[in-house]
Amino acid sequence: MLQSINARTGLAHGAAWAESTSRDIDLAALQARQVARDFAASTTGLRATLLRGIGQRLLFAREALVALADRETGLGLPRLNGELDRTVYQLEQFALALDQGAVHLLLDEPAVAGAAPLGRPRMTRIRVPLGPVAVFAASNFPFAFSVAGGDTASALAAGCPVIVKAHPAHPALSLALAEQVQAAVAQCGLPAAVFQLVQGAGIAVGVTLVQAPAIAAVAFTGSLKAGRALADLAAARPRPIPFFGELGSVNPLIVLPAALASGAAQRAAALAQSITLGAGQFCTSPGVILVPQGEPGDGFVRELAGQLSQMQPHGMLTAGIRQSFESGVQAWCHVRGAQVLAGQAGGSAATPCATLVQVSAADYLAQPALQHEVFGPAALVVRTAALQEMEDVLGAIGGTLTVTLWGIDGDAAQVTDEIQALVRRATDVAGRVLFAGVPTGVAVTAAQQHGGPYPASTAPGTTSVGLAAMDRFLRPVALQDAPDGLIQRLACG
Ligand code: NAP
């Protein structure tokens with residue numbers, strides 16, 4: 001049974017309701033397949049109207065939705081209102097991309113007369129929707145990465161029916177959001193199976209969904225453990241399907257000597273805010289901070305520890321997430337060479353304690369246990385003796401959503417071979433490299449890349465945020481010598 005729980009009191013709210021059965025899920029997948037061809041042939045204009053309709057409904061129901069989200073997540077009204085705005089903006093950005101009309105037509109090469117290899121037929125590269133997409137909602141963004149979030153928006157924009165597996169940490173909100181999406185689908189005259197919701201509080205629902213033969217692709221945001229298990233299931237199907245998983249990220253932030261020369265206190269304050277934002281439950285939360293040994297690095301670390309000691313993060317999303325945070329922090333504190341700089345006191349049963357632990361680069365590199373994400377308001381300071389050690393730490397991390405580099409300015413003379421090598425190493429391991437600011441907060445734009453080598457993503461060539469998120473659900477097809485009229489119908493929506 002599913003039950004809405006008040007995140008602040010831990011008490012059940014309202015009556016419990018039944019989980020989706022295997023039969024419900026198989027039926028949902030079959031119905032999605034039945035409508036997939038017609039939805040794939042729908043005009044881009046109709047899909048833009050659908051996305052805008054969802055956005056308008058979210059805005060109209062804002063007060064009730066945000067209150068419900070706050071009750072189930074405890075994330076607070078300012079954050080949740082902001083997240084709802086971002087979700088609506090995201091829907092509007094995909095609608096605008098559909099308005100511009102280039103979603104299905106990629107390239108049209110005219111025929112060239114003569115013999116091969118110079119001569120060739122007319123080749124037109126188009127993109128077609130994959131089919132029904134299973135979306136696993138995330139716990140930590142109840143609007144932006146949940147029922148009506150980026151995965152749903154981008155799959156609907158691409159012309160794929162969606163079945164969302166709701167996250168059990170906000171089950172009543174998931175139902176309320178699904179009602180809004182379903183109403184928008186109906187208002188557009190589309191069949192109900194264009195968008196469906198399944199719910200469960202155990203792994204069976206997700207497993208059944210990923211294995212349903214009618215599902216054509218999966219989008220997932222969550223833990224490495226669950227994501228990897230589901231990715232393996234998707235690959236083990238008789239007909240494997242693409243699995244777009246965003247699984248985990250430590251988001252290293254590198255403080256170069258130039259960044260310590262001035263404004264170090266302000267930078268430390270901004271970093272402390274970023275580490276504790278949303279109680280650290282951001283996939284882009286900075287988890288590893290690389291600082292040069294000696295002064296002024298010591299001063300920066302002292303300032304950061306002081307700032308973090310003042311922070312009082314709010315409660316975490318679920319008891320399970322809190323427990324993993326506590327065991328992750330304990331593991332850090334007990335490794336060889338670890339110094340606990342903040343976090344010895346201040347946590348409570350309801351709220352976690354902002355924590356900062358320091359190790360040397362040599363200890364970090366020698367102990368792979370330190371290289372995993374600890375999801376929550378904590379960071380590991382790694383003290384490095386040289387730029388080469390910073391590169392080595394990035395290499396050990398291997399795959400991350402972001403790397404932040406503080407202290408490289410626009411002066412070409414400062415971009416030495418060593419700095420270039422460090423930046424190249426950052427691009428080797430991350431989907432997004434920042435040269436200013438903090439990694440929390442992901443802009444929804446055409447250039448955005450929210451992914452990276454495993455475990456940041458199971459599909460590093462793709463992004464789950466930004467307009468290119470739609471590309472995940474579109475498959476290229478080359479049309480050879482197709483007549484104009486047909487190209488217009490198939491590619492131009
Ligand atoms: P999760 O445990 O990965 O769960 C995500 C979804 O996968 C839920 O719907 C869950 O359903 C389902 N699931 C879990 N294990 C499964 C399995 N073996 N087979 C099939 N489905 C499975 O994520 P979470 O509950 O949000 O948080 C747990 C941890 O995930 C956190 O402590 C954090 O480390 C990580 N996390 C990372 C990010 C990120 O952006 N990188 C975001 C959120 C969480 P049921 O619960 O119904 O089984």
Side-chain angles (χ1 to χ4, degrees), residues 1-3 5 7 19-20 22 25 72-73 75 134-142 144-147 149-151 163-171 173-174 197-212 215 218-236 243-251 277-287 316-329 331 352 372-378 399-402 430-432 439-442 450-452 454-458 463-465:
M1 296 296 279
L2 286 152
Q3 175 70 62
I5 304 286
E19 298 178 33
S20 306
S22 301
I25 297 161
E72 289 195 320
T73 67
L75 290 174
V135 169
F136 281 73
S139 57
N140 54 340
F141 285 90
F145 285 77
S146 189
V147 174
D151 286 334
I163 302 178
V164 172
K165 153 68 169 82
H167 197 285
H170 50 266
L173 175 68
S174 300
L197 182 83
V198 296
Q199 285 193 290
I203 66 168
V205 169
V207 168
T208 309
L209 186 60
V210 171
Q211 290 181 328
I215 293 298
V218 182
F220 173 94
T221 304
S223 66
L224 180 61
K225 187 168 162 227
R228 182 58 192 261
L230 291 168
D232 289 348
L233 278 181
F243 184 90
F244 303 105
E246 188 218 305
L247 309 189
S249 185
V250 299
N251 305 300
L277 192 66
Q281 299 164 115
F282 273 48
C283 45
T284 50
S285 190
M316 299 191 78
L317 288 160
T318 64
I321 290 177
R322 173 74 192 273
Q323 200 187 348
S324 315
F325 171 70
E326 295 300 340
S327 49
V329 163
H372 302 299
E373 178 186 34
V374 171
F375 194 67
T400 176
L401 291 169
T402 69
R432 178 163 58 110
T440 39
V442 188
H450 191 66
Y454 185 87
S457 172
T458 57
T463 177
S464 61
V465 177

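One-based numbering, in listed order, for ligands and for the atoms of each. No hydrogens, no waters, no symmetry mates; every other heavy atom, side chains included, goes into these values. For clarity, every value in this text was computed on a predicted model and none was experimentally measured.
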Please tabulate, one line per pair, the protein N or O atoms found under 3.5 Å from any N or O atom of ligand 1, giving the distance to one decimal.
{"residue": "ligand 1", "atom": "3 (O)", "partner": "Ser223", "partner atom": "N", "Å": "2.7"}
{"residue": "ligand 1", "atom": "3 (O)", "partner": "Ser223", "partner atom": "OG", "Å": "2.6"}
{"residue": "ligand 1", "atom": "9 (O)", "partner": "Lys165", "partner atom": "NZ", "Å": "2.9"}
{"residue": "ligand 1", "atom": "11 (O)", "partner": "Lys165", "partner atom": "NZ", "Å": "3.1"}
{"residue": "ligand 1", "atom": "25 (O)", "partner": "His167", "partner atom": "NE2", "Å": "3.0"}
{"residue": "ligand 1", "atom": "26 (O)", "partner": "Ser139", "partner atom": "OG", "Å": "2.5"}
{"residue": "ligand 1", "atom": "26 (O)", "partner": "His167", "partner atom": "NE2", "Å": "3.2"}
{"residue": "ligand 1", "atom": "30 (O)", "partner": "Ser223", "partner atom": "N", "Å": "3.4"}
{"residue": "ligand 1", "atom": "40 (O)", "partner": "Glu246", "partner atom": "OE2", "Å": "3.2"}
{"residue": "ligand 1", "atom": "47 (O)", "partner": "Lys165", "partner atom": "NZ", "Å": "3.2"}
{"residue": "ligand 1", "atom": "47 (O)", "partner": "Gly200", "partner atom": "O", "Å": "3.2"}
{"residue": "ligand 1", "atom": "47 (O)", "partner": "Gly202", "partner atom": "N", "Å": "3.2"}

Keeping Thr400 on the side-chain end and Asn251 on the backbone end, is there a donor-acceptor pair under 3.5 Å? yes
With sequence neighbours left out, the residues meeting ring-ring contact (aromatic ring centres under 6.0 Å, His included) with Tyr454 are none
Test of understanding: with ring-ring contact (aromatic ring centres under 6.0 Å, His included), list the residues that count as partners of Phe375, not counting sequence neighbours. none
Any residue meeting ring-ring contact (aromatic ring centres under 6.0 Å, His included) with Phe145, in chain and number order, not counting sequence neighbours: Phe141
When you check the side-chain N and O atoms of Ser139 and His170, is any donor under 3.5 Å from an acceptor? no
On a heavy-atom basis, which atom in Val164 and which in Ala137 lie closest, and how many Å separate them? CG1-CB, 4.4 Å
